[in-house]
Protein chains: 2
Amino acid sequence: MSTERLNSLKKFFKKYRRLPSYSEMLGIFGFSSKNAVFKLINKWVSDGLLTKIDGKLAPSSRFFALPLLGNIKAGYPILAEENKQYLTIDDYLINDPTSTFLLKVSGDSLIGVGIFDGDIVVIESKKQANIGDIVLAQIDREWTLKIFKKDRMKRISYLEAANPKYPAFYPREDLQIFGVVKAVVRKLN
Amino acid sequence: MSTERLNSLKKFFKKYRRLPSYSEMLGIFGFSSKNAVFKLINKWVSDGLLTKIDGKLAPSSRFFALPLLGNIKAGYPILAEENKQYLTIDDYLINDPTSTFLLKVSGDSLIGVGIFDGDIVVIESKKQANIGDIVLAQIDREWTLKIFKKDRMKRISYLEAANPKYPAFYPREDLQIFGVVKAVVRKLN
DNA sequence: AATTATAGTAAACATTTGTTCACTGTCAAG
DNA sequence: CTTGACAGTGAACAAATGTTTACTATAATT
């Protein structure tokens, strides 16, 4: 099976963050002719695992992507090949890497929206937010992660926790937004 | 500033999933001499953004990684350079890509542990689980995502929801584990 | 038994690659 | 005003790259 060879290619990419050259692939695949490499690579290209754009070889997104299985209630054959999508978590969660950063959450102020102590949130830097967004903000010079709200006349912005334990936070002086939470990531164990 | 040039390099990598050749970089960076490219690349190599392993150029992990900010309660200068770590979400969450897959969660049976309808869980294929693990399992031939438990004598395995609405699930016939949830991912909006 | 596809070897080759060397203009520091 | 560092040009080049062509052995199909 060439699945093993594909896995060794993936392993190489994972380790070196690039595709090996054909000469290197000789060793990786156990070939002694570059033509064998050439043919195998082209097979993967037509399979959609790799791409060649004017002669330049690169992995396609399918190369990295993990299978995404749909609704498990949908029935029995959830592991069937047909309803597989593929995605990379990074690509799924992050639009613009240059304006995105991560923040390790501490505290229980957002448990109501399913964000727990130790979770990592993906934040996109921006100065404006919509009502209901979870924002990283500075309220009276103190940093915090809360829900962005406006009073009913939409005159005053304030922050709210997602935990009945905490009151609403109205700024005494000012409220500055630095970013909006786009995603939540939790590692178990 | 060469930050802009670095961003255009990142943009290229994001688009083509490989680094451009030096000739291609001419256009990307706006140089007309490959030597200018050469020097810039070497600067990035010594900055730790790229690596050269016997002449082969590749991005280092810092190239992709997003800054991870620590505890926001720690005080004022959370955006300071010092306490920055860098990580890629994929690398953070996924150990062995070959045995990992994703599953879109439906239903409210795990809200107690902060897993909501529409979340994506990262599952590692395995047949065994520890008590308390969230598992993808087949209970009496029906697929489900629940918490793995054993009764107090540790004789019988069963499944439990994280929602008082649902009872415990004791298998009539058999209970087969297919994978263990390693992480939870939620995209907002 | 003959035929054909498949998987690989081996050698040859034009093209492109990353690197090096010599040089130029600009700007800040002594 | 000179000096040295910095950022970039331009040309030259050995080494490596991906591709092509011709050939072989094995297995599968007719």
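Chain A is the first sequence line, chain B the second, and so forth, proteins listed ahead of strands; every chain is numbered from 1. As the structure is a prediction and not an experimental result, all values here were calculated from the model.
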From CG of L50(B) across to P of dG18(C) the rounded distance in Å is 12 Å

Within residues 7-24 of chain B, the residues having a heavy atom closer than 4.0 Å to DNA chain C are S21(B), Y22(B), S23(B)

Note: contacts of residues 25-39 of chain B with DNA chain C (heavy atom, under 4.0 Å) are K34(B), N35(B), F38(B)

Taking the cut-offs as 6.0 angstrom to the six-membered ring centre and 45 degrees off its axis, would you call K146(B) and F169(B) a cation-pi pair? yes

**Prompt:** Cluster question for you: counting only ILVMFWY and a side-chain heavy-atom cut-off of under 4.5 Å, with indirect links fine, are L68(B) and I89(A) together?
**Reply:** yes

Indicate yes or no: at least one non-hydrogen side-chain atom of [X] is less than 4.5 angstrom from one of [Y].
| X | Y | result |
| --- | --- | --- |
| V180(A) | F148(A) | no |
| K182(A) | L93(A) | no |
| F178(A) | S125(A) | no |

Sorted by position of nearest nucleotide on DNA chain D, 5' first, the leading residue of K56(B) and L40(B) is L40(B)

Q. To the nearest 0.5 Å, what is the distance between CZ (R141(B)) and CZ (R172(B))?
A.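 Interatomic distance, R141(B) CZ to R172(B) CZ, rounded to 0.5 Å: 13.5 Å.
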
* Asked: For DNA chain D, which nucleotides open and close the run of contacts to chain A, 5' to 3', at under 4.0 angstrom from a non-hydrogen atom?
  ->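 So the outermost contacting nucleotides come out as dT17(D) to dT21(D).
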
For a quick test of your reading: what N or O donor-acceptor pairs under 3.5 Å do the side chains of residues 28-41 of chain A make, sequence neighbours left out?
unit_1: S33(A); atom_1: OG; unit_2: N35(A); atom_2: N; d: 3.1
unit_1: N35(A); atom_1: OD1; unit_2: K39(A); atom_2: NZ; d: 3.2

Within the structure, does a side-chain N or O atom of K43(A) lie under 4.0 Å from either OP1 or OP2 of dA7(C)?
no

- Is any side-chain N or O of R5(A) closer than 4.0 Å to OP1 or OP2 of dA7(C)?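 The answer is no; no side-chain N or O of R5(A) sits under 4.0 Å from OP1 or OP2.
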
Scanning both residues in full, the closest heavy-atom pair of K14(A) with D91(B) reads NZ-OD1, 4.2 Å

Donor-acceptor list for residues 44-51 of chain B side chains, cut-off 3.5 Å, not counting sequence neighbours:
unit_1: S46(B); atom_1: OG; unit_2: N42(B); atom_2: O; d: 3.2
unit_1: S46(B); atom_1: OG; unit_2: K43(B); atom_2: O; d: 3.0
unit_1: T51(B); atom_1: OG1; unit_2: A58(B); atom_2: O; d: 3.2

Pair listing, ring-ring contact (aromatic ring centres under 6.0 Å, His included) test, anchored in residues 49-69 of chain A, at least two apart
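Pairs touching residues 49-69 of chain A that pass the test: F13(A)-F63(A), F13(A)-F64(A).
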
